[in-house]
S.K.: 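Please find one structure pasted underneath; my questions will follow.
Numbering starts at 1 and runs along the sequence shown. Start at 1 and go down the list; that is how both ligands and their atoms are numbered.
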Amino acid sequence: MNPHIWIENTEKGLEKASELLKKGKLVAFPTETVYGLGANALNADAVQSIFTAKGRPLTDPLIVHVHNKDSALELLDLMPSERDIFNALSEDCWPGPLTIIAKAKDIIPMMVTANTGFVGIRIPSHPLALKLLETSKLPIAAPSANRFGHVSPTLASHVFDDLGSTGIYILSGDDEIYSKFTCLHGIESSVVKLNGIEEKLLILRQGAITQERLQNILSKTQISWSVHSIERCANLHDDTSSKIIGEVAPGQALTHYASDIPSVIIEQILSNIGDCHQEKKILQYNFDDLKHIVVIDYNCQLLCLKDSVLAYQDLSSNGSSIEAAHNLFESLRWTETFSNCTQVFLPSIIIGSSIDENDIIRGLSDRIFRAASGKKTYLLITNNL
Ligand code: TXA
Ligand code: MG
């Protein structure tokens, strides 16, 4: 293992990180969403090594991080109407957790775009990420710094645990100065794609910039584009929904962000089988089985299991989606610390009809859904608790 894996987050450290990026090395760095695994986006060999380190398929495109709007425009080939939408979105949301996908200019290696010719760009708001982009003067391609399919990292130690032996370097943002910015949102950026031909904004991934906020931004412009989103939760037991997602958005694999332990969403706890009127999948557990279960809860929905299970944690006992999203990935990693845990129960997230534009409930729901690989069930306890 490289003994110099850790890079100080000082000016000197940033110079070193920039030199390493210029030499084609990989440097993980904190953002306001999750840690990213960075490479010089214009160096195809360096980009290739991201895929190798993560064990990521080449069909999954990378997000490119830039320092300012002009640097973003140097990489994008926008139609006039796309330029207007791009301006409105970038002015409102950047620096911040919004990735905008549009046609890539030839300067971007095809591998970054997973051969689609479209690239996602964002300006992160984390001060250390911005300093790295400024010092290196490079566009930095960076997926989340986890092994492919595993839970995204919200601490430098998560990056080390997943990728520490792959020859990467890590710039930590977990000290006193930067920790208040590091992975503040806790889930990845919202990803939108501009489609000037159909005059549509397609939301490919829900995140901290909510659908409601995007709609509000667009409604303030003179341009009448419509906003569409991929609704992963609409068709829970229908395999075709994930096929559609695969076609629309490369890299939108259903199983993602998953803990190494099998996980399932508990829609409801039944007190007897007659309580379930619909044709639903029911998981039957007795009192002894529960001793091997770890529960991640939200808004105290599964609180009645607390004293019967191996371990219990609530992402937000008062139902704050912002707090819950902030805690989710660390909690999923926490479930892996129990050697005798056989299954993780996750909470069901109900998306109401009127959502405040700061409420990141859709992003939270998406990540929990993916952590459970879309598996939802009713729970019936056969012994008395
Ligand atoms: O918050 C974030 O976005 C973090 C930090 C490090 O910036 N990055 C991140 O990257 O989450 P990654 O690679 O783990 O997830 C990016 C996802 C891809 O898996 C894919 O689903 C979508 O964004 N994406 C990126 N570029 C795309 C493109 N050109 N076309 C379609 N989907 C794209
Ligand atoms: Mg990722």
S.K.: Relative to the heavy atoms of Gly36, which atoms of ligand 1 are at a distance of less than 4.0 Å?
M.R.: 6 (C)

S.K.: Examine Ile101 against ligand 1 and note whether any of their N/O atoms are separated by less than 3.5 Å.
M.R.: no

S.K.: Numbering the atoms of ligand 1 from 1, which are under 4.0 Å from a heavy atom of Ser144?
M.R.: 8 (N), 9 (C), 10 (O), 12 (P), 14 (O)

S.K.: Assess Arg56 for proximity to ligand 1: is some non-hydrogen atom of it under 4.0 Å away?
M.R.: yes

S.K.: Examine Thr31 against ligand 1 and note whether any of their N/O atoms are separated by less than 3.5 Å.
M.R.: no

S.K.: Specify side chain, backbone, both or neither for Lys54, according to which of its non-hydrogen atoms lie closer than 4.0 Å to ligand 1.
M.R.: neither

S.K.: For ligand 1, is there an atom lying under 4.0 Å from some heavy atom of Ala142?
M.R.: yes

S.K.: Heavy atoms only: which of Ala104, Pro61, Pro97, Ala129 is nearest to atom 26 (N) of ligand 1?
M.R.: Pro61

S.K.: To the closest 0.5 Å, what do you measure between CD (Glu267) and CG (Leu379)?
M.R.: 11.5 Å

S.K.: For Asp60, take its heavy atoms, then give the atoms of ligand 1 lying under 4.0 Å from any of them.
M.R.: 18 (C), 19 (O), 20 (C)

S.K.: Find all atoms of ligand 1 within a distance of less than 4.0 Å from any non-hydrogen atom belonging to Thr33, and give their numbers and elements.
M.R.: 1 (O), 2 (C), 4 (C), 5 (C)

S.K.: Parallel, tilted or perpendicular: which describes the rings of Phe181 and Tyr178, with under 30° parallel and over 60° perpendicular?
M.R.: tilted

S.K.: Under 2.8 Å from the Mg ion (ligand 2), can any N, O or S atom of Ser144 be found?
M.R.: yes

S.K.: Check ligand 1 against Phe118 and write out every atom of the ligand that is under 4.0 Å from a heavy-atom position of the residue.
M.R.: 29 (N)

S.K.: Ser331 pairs by side-chain contact (heavy atoms from CB on, under 4.5 Å) with which of Leu346, Val151, Leu315, Asp314?
M.R.: Leu315

S.K.: Are Phe86 and Trp94 close enough that their ring centres sit under 6.0 Å apart?
M.R.: yes

S.K.: Give the contacting part of Leu204 toward ligand 1: side chain, backbone, both or neither, where contact means a heavy-atom distance below 4.0 Å.
M.R.: side chain

S.K.: Polar-atom distance check: Tyr35 versus ligand 1, any N or O pair below 3.5 Å?
M.R.: no

S.K.: Please identify which atoms of ligand 1 are closer than 4.0 Å to at least one heavy atom of His65.
M.R.: 5 (C), 6 (C), 7 (O)

S.K.: So, regarding Thr113 and ligand 1 (criterion: nitrogen or oxygen to nitrogen or oxygen, under 3.5 Å), is there a contact or not?
M.R.: no

S.K.: Is the shortest N/O to N/O distance between Arg205 and ligand 1 below 3.5 Å?
M.R.: yes

S.K.: Taking only heavy atoms of Ser189, which atoms of ligand 1 are found under 4.0 Å from at least one of them?
M.R.: 1 (O), 2 (C), 3 (O)

S.K.: So Glu11 and Lys16, salt bridge (charged side-chain N to carboxylate O under 4.0 Å, His left out) or not? Walk me through it.
M.R.: CA-CA 9 Å; Glu11 239 169 76; Lys16 183 180 170 188; over 6 Å; no

S.K.: Are Phe345 and Tyr285 close enough that their ring centers fall under 6.0 Å?
M.R.: yes

S.K.: Would you call Ser259 and Arg333 a side-chain contact if the rule is heavy atoms closer than 4.5 Å?
M.R.: no

S.K.: Any idea which heavy atoms bring Ala208 and Pro97 closest together, and the distance?
M.R.: CB-CG, 3.7 Å

S.K.: Considering only heavy atoms, which of Gly207, Gly117, Ser152, Pro143 lies nearest to atom 10 (O) of ligand 1?
M.R.: Pro143

S.K.: Enumerate the atoms of ligand 1 whose separation from the nearest heavy atom of Glu188 is less than 4.0 angstrom.
M.R.: 1 (O), 2 (C), 11 (O)

S.K.: Out of Leu26, Asn146, Asp162, Leu62, which one pairs with Leu37 under the side-chain contact (heavy atoms from CB on, under 4.5 Å) rule?
M.R.: Leu26

S.K.: Report the part of Arg122 (side chain from C-beta onward, or backbone N, CA, C, O) that has a heavy atom under 4.0 Å from ligand 1; answer both or neither where that applies.
M.R.: side chain

S.K.: Is the centre of the Phe160 ring less than 6.0 Å from the centre of the Trp6 ring?
M.R.: yes

S.K.: Cation-pi check for Phe118 against Lys193: NZ or CZ below 6.0 Å from the six-membered ring centre and within 45 degrees of the axis, yes or no?
M.R.: yes

S.K.: What distance do Glu199 atom CD and Ser224 atom OG have between them, rounded to the nearest 0.5 Å?
M.R.: 6.0 Å

S.K.: Report the C-alpha distance between Arg362 and Asp366 in whole Å, list the side-chain angles of each, state the deciding distance to 0.1 Å, and finish with yes or no for salt bridge (charged side-chain N to carboxylate O under 4.0 Å, His left out).
M.R.: CA-CA 6 Å; Arg362 294 180 200 275; Asp366 171 75; over 6 Å; no

